[in-house]
Amino acid sequence: MKKTFFTAFVLLLLFAFFSCDTDDEESVTDYDISEIYGYTYYGNITASSGNTLIPSLIIYNENRCDWNMNTNGMNNNQFYYYAVKNSAANYTLYWFAPSEVSYCAQKDSSKTSMVVQVGINSPSELVILLTGDEFSGVSNMTNTRVPMTKQNSIEKNTNPSEIPLDTDVKDISITIPETAVAANWGGEESYTGSYTFLVISTNDTYLATGQGTATEDENGNLVPTSVKIKDTSALAANTVTVTTNPVSYTEQMSVGAFDISGVQVKKDGEVYYLYKESTTITTETQTLNEVTLVGKLENGILTWRVSFKPGAMPFPIVEIFTSGE
């Protein structure tokens, strides 16, 4: 009798446990990821510095999304992605930098820039968890659950903008030989030419690359791309101040011409070299961080590589200028 009672009691407990588990599963609405396509979601998180970050996310379709780590001071970053469904209304998204789109097509997760867990509480509310970040180098959001709310004031958009990615554009490296010695600038005061640009994430993938375009004056006339080099050796021996050309790499993001002072000049044989270690430059419109320059003048051709991070942007824009013959 006791054995029969005990057996019945155990069966009752098991029935109750599985019944509750079934109820929990049934209480989760299995929203498909397609139900959030085109909507913009904002979150809120306090960084270790005490500043409030407002990340934004928009998933356009089955392979494109935009992410902004902080709408206060940063810009949208465009990604390719693929999604894996884990359970009801729960997905893992593998994000790839534009230059790695072929790996996305192959679903090669070893090449991802970011890995993001997305839980869809409703089409109006998401919870994201960033579990892998080879992209920004910003640690504030890693392994932190961030609720995100749909922005009803922002119109639904399932048509992502074209990603500027010119596969012919490559980064360069200019090495100043150890035999180079300090010298006064022996080149011209200005050069006209062309430039290319790259936006490089922390894992050396490209978010954007392209050929620079000439700007227009107030009358709509094209203004040639040009840079200036002013000898400042009277103020500091063997230095110049260079003025860059304006750089524009998306419709939303452009940087006007700015001066880099205290650039060192060296010479090796008949080749002049320019070098400026990392510095911060404040213009009338923004602050540029980690500004560096390295260049050379050889056979009358000026080539330089300028790198900088505008504002709170965690990765650099690189501009490569080459003068005409």
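- Note that K150 lies in the cation-pi zone of Y39, set by a 6.0 Å cut-off to the ring centre and a 45° limit from the axis.
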Is there a side-chain contact (heavy atoms from CB on, under 4.5 Å) between V318 and I200? Walk through the geometry before answering. CA-CA 8 Å; V318 172; I200 306 175; 3.8 Å; yes
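- Atom CG of residue D231 and atom OG1 of residue T239 lie 7.0 Å apart, to the nearest 0.5 angstrom.
- A 4.5 Å side-chain heavy-atom check between V255 and Q286 finds at least one atom pair inside the cut-off.
- Proximity of I128 to W67: side-chain heavy atoms (C-beta onward) are separated by under 4.5 Å at one or more points.
- The CD1 atom of I320 sits 4.5 Å away from the CD1 atom of I172 when rounded to the nearest 0.5 Å.
- L53 and V127 fall into different hydrophobic clusters, where Ile, Leu, Val, Met, Phe, Trp and Tyr are joined by side-chain heavy atoms under 4.5 Å apart, directly or via other members.
- A donor-acceptor contact closer than 3.5 angstrom is absent between the side chains of N245 and T225.
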side-chain contact (heavy atoms from CB on, under 4.5 Å) between L297 and I229, worked out: CA-CA 12 Å; L297 176 66; I229 302 177; over 6 Å; no
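- Counting only distance, with no hydrogens or angles, the side chain of D268 and the backbone of V271 share no donor-acceptor pair below 3.5 Å.
- Atom-to-atom distance recorded for T40:OG1 and L57:CG is 8.5 Å, nearest 0.5 angstrom.
- The shortest side-chain heavy-atom distance between P160 and Q78 does not fall under the 4.5 Å cut-off.
- For the pair N121 and L126, the minimum side-chain heavy-atom distance is 4.5 Å or more.
- The shortest heavy-atom contact between P123 and Y41 is O-OH, 2.6 Å.
- Proximity of Y80 to R64: side-chain heavy atoms (C-beta onward) are separated by under 4.5 Å at one or more points.
- In this structure, D30 pairs ionically with K85, as a charged nitrogen and a carboxylate oxygen lie closer than 4.0 Å.
- Across all their heavy atoms, L207 and I163 have their closest contact at O-CG2, 3.9 Å.
- Between W185 and Y272, the gap from one ring centroid to the other is short of 6.0 Å.
- Atom CD of residue E298 and atom OG1 of residue T303 lie 8.5 Å apart, to the nearest 0.5 angstrom.
- Note on F79 and I33: same hydrophobic cluster, where clusters join Ile, Leu, Val, Met, Phe, Trp and Tyr whose side-chain heavy atoms are under 4.5 Å apart, directly or indirectly.
- Summarising the geometry, atom CD1 belonging to I301 is positioned 8.5 Å from atom OG1 belonging to T322; distances are rounded to the nearest 0.5 Å.
- The minimum heavy-atom distance between I58 and G38, with the atom names listed, is CD1-O, 3.7 Å.
- For the atom pair F96 CZ and C104 SG, the distance stands at 5.0 Å (nearest 0.5 Å).
- Formation of a donor-acceptor pair under 3.5 Å by the T283 side chain with backbone atoms of T285 is found in this model.
- Of all the heavy atoms in A182 and N238, the pair that sits closest is CB-OD1, 3.5 Å.
- Ring-centre distance between Y94 and Y82: below the 6.0 Å cut-off.
- Defined by atom type and a distance below 3.5 Å, a donor-acceptor pair is missing between the side-chain atoms of S99 and T205.
- Inspection of the Y60 and N157 side chains reveals no N or O donor paired with an N or O acceptor under 3.5 Å.
- Using a distance-only test at 3.5 Å, with no hydrogens or angles considered, a donor-acceptor pair links the side chain of S122 to the main chain of S124.
- Taking the six-membered ring for Trp and the full ring otherwise, the centers of Y81 and W95 sit at least 6.0 Å from each other.
- When L302, T192, V306, V242 are each tested for a side chain to side chain contact (heavy atoms under 4.5 Å, CB included) with V227, only one passes: L302.
- Within the 3.5 Å criterion, the main-chain N or O of D171 finds no donor-acceptor partner in the side chain of R305.
- Within a 6.0 Å sphere centred on CD of E125, other residues, nucleotides and ligands contribute more than 12 heavy atoms.
- For the residue pair S110/D108, the side-chain donor-acceptor check at 3.5 Å is satisfied.
- Nearest heavy atom pair, residue P55 against residue M148, reads O-CE, 3.3 Å.
- Both V84 and Y103 are part of a single hydrophobic cluster, where members link through side-chain heavy atoms under 4.5 Å apart.
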Starting from the C-alpha separation in whole Å, work towards a yes-or-no answer on side-chain contact (heavy atoms from CB on, under 4.5 Å) for D66 and N77. CA-CA 5 Å; D66 281 4; N77 303 298; over 6 Å; no
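- Residues E35 and I120 form no side-chain contact, since every pair of their non-hydrogen atoms from C-beta on lies 4.5 Å or further apart.
- Around the NZ atom of K309, the shell of radius 6.0 Å holds more than 12 heavy atoms that belong to other residues, nucleotides or ligands.
- Counting non-hydrogen atoms of neighbouring residues, nucleotides and ligands closer than 6.0 angstrom, the OH atom of Y91 exceeds 12 such neighbours.
- At a cut-off of 3.5 Å, with distance as the only test, a side-chain donor of D259 or T243 sits close to an acceptor on the other residue.
- At least one donor-acceptor pair under 3.5 Å links the side chain of N289 to the backbone N or O of G311.
- Checked against the 6.0 Å centroid threshold, F308 and F258 count as a close aromatic pair.
- One N or O on the side chain of Q151 and one on the backbone of T149 form a donor-acceptor pair closer than 3.5 Å.
- Using a 4.5 Å heavy-atom cutoff, the side chains of P310 and I317 are in contact.
- Between the side chains of E277 and T292, not a single donor N or O lies within less than 3.5 Å of an accepting N or O.
- Taking all atoms of both residues into account, the shortest heavy-atom contact from T287 to T280 is CG2-CG2, 3.7 Å.
- Without hydrogens or angle criteria, T92 side chain to Q117 main chain gives no donor-acceptor distance under 3.5 Å.
- Using a 4.5 Å heavy-atom threshold, the side chains of Y273 and P177 count as touching.
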Quick one: do L274 and V265 satisfy side-chain contact (heavy atoms from CB on, under 4.5 Å)? Show the steps, please. CA-CA 5 Å; L274 301 172; V265 182; 3.9 Å; yes
